[in-house]
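I have placed the structure first, in the form of structure tokens, so that the comments after it can refer back to it.
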Amino acid sequence: MKARKTLIAANWKMHKTVEEAVTFVKDLQERLPFREDRNVMIAPPFTALIAVRSAIRRNDIWLGAQNCHWEDKGPFTGEVSPLMLYDVGCQFAIIGHSERRHIFGETDEMVNRKVKAVLGKGLRPILCVGEKLEEREVGETFNVVSRQLKEGLKGVGRKEADRVVIAYEPVWAIGTGRTAKPYQAQEVHAFIRGMLSELYDNGLASSVQVLYGGSVKPDNVDELMAEPDIDGLLVGGASLEVDSFCRIVSYRV
Ligand code: 13P
């Protein structure tokens, strides 16, 4: 049994129509055995949130959004607010995903505003951190992760920090088929836990779930989940098919 309850999160990115999303959820619920020690979160595109919410019939499957703005409302064409996510029944929001940071120019400051806004609405942020290949190659991994974590959590009090989930997603492993070796992921996860202990305290550091993301597949899930500080996964490509996602959620340790 893992020290913390496992969270396996599906980040569908810009995939699936409403019908495809609902079919997936129905199929998943039929096939996935209920397990005390693990929960699932599904983050469909915004357009499918309501339909997926209605299709979810199990209390071990949660709903999340892939991003949001930090304001509740206003002249922000194309944006969706934390209030709106709360309104449609989201329990989670992925914040600061590397695609948001590197394709859409999100800064640590924007990520921090989003984390606080999401917490303010009672949702749980999944704060994503992770270094680029060139940063890893020059030995900058810990500095980058440390900065993203510190800046992302700036002004987040001890009580609220309890509801934060961290996802370590090395940018070089996302969508590339190149997974971090389990020991490489473990090393950064342990570092993140150490930082949480510095920023808050040991109690918080030992309770916060730290997920790994980046080319997670059925054939590498068991070895990743065997690491003590990997408390779950944020899965992109392999979360799009029920077969592979079921296998991932059913990891064996
Ligand atoms: P892949 O699993 O497709 O590499 O994507 C990972 C990811 O970005 C999850 O948020």
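As the structure lists them, so they are numbered: ligands from 1, and atoms in each ligand from 1.
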Practice task
Would you check if the side chain of S197 reaches a backbone N or O of A205 as a donor-acceptor pair within less than 3.5 Å?
Solution key: no
Problem - Residues Q66 and W12: side-chain donor-acceptor under 3.5 angstrom - result: no
Practice task
Kindly give the cluster partners of M41, where membership spreads through any ILVMFWY side chain lying under 4.5 Å from a current member.
Solution key: L7, W62, F92, I94, I126, V165, L211, L234
Exercise for the section: Examine the side chains of E169 and H97 and answer whether a donor and an acceptor come within less than 3.5 Å of each other. Expected result: yes
List the atom pairs, with distances to 0.1 Å, where a side-chain N or O of residues 177-184 and a protein N or O form a donor-acceptor pair under 3.5 Å, not counting sequence neighbours.
residue, atom, partner, partner atom, Å
T179, OG1, S215, O, 3.4
T179, OG1, N220, ND2, 3.0
Q184, OE1, K181, N, 2.8

Problem - Other cluster members, V138 - Ile/Leu/Val/Met/Phe/Trp/Tyr, side-chain contacts below 4.5 Å - result: none
Find all protein N or O atoms under 3.5 angstrom from an N or O atom of ligand 1 and list the pairs with distances, or write 'none'.
residue, atom, partner, partner atom, Å
ligand 1, 2 (O), G236, N, 2.9
ligand 1, 3 (O), G237, N, 2.8
ligand 1, 4 (O), G175, N, 2.6
ligand 1, 4 (O), S215, N, 2.8
ligand 1, 5 (O), K13, NZ, 3.2
ligand 1, 8 (O), K13, NZ, 2.8
ligand 1, 8 (O), H97, NE2, 2.7
ligand 1, 10 (O), N11, ND2, 3.0
ligand 1, 10 (O), H97, NE2, 2.9
ligand 1, 10 (O), E169, OE1, 3.2
ligand 1, 10 (O), E169, OE2, 2.9

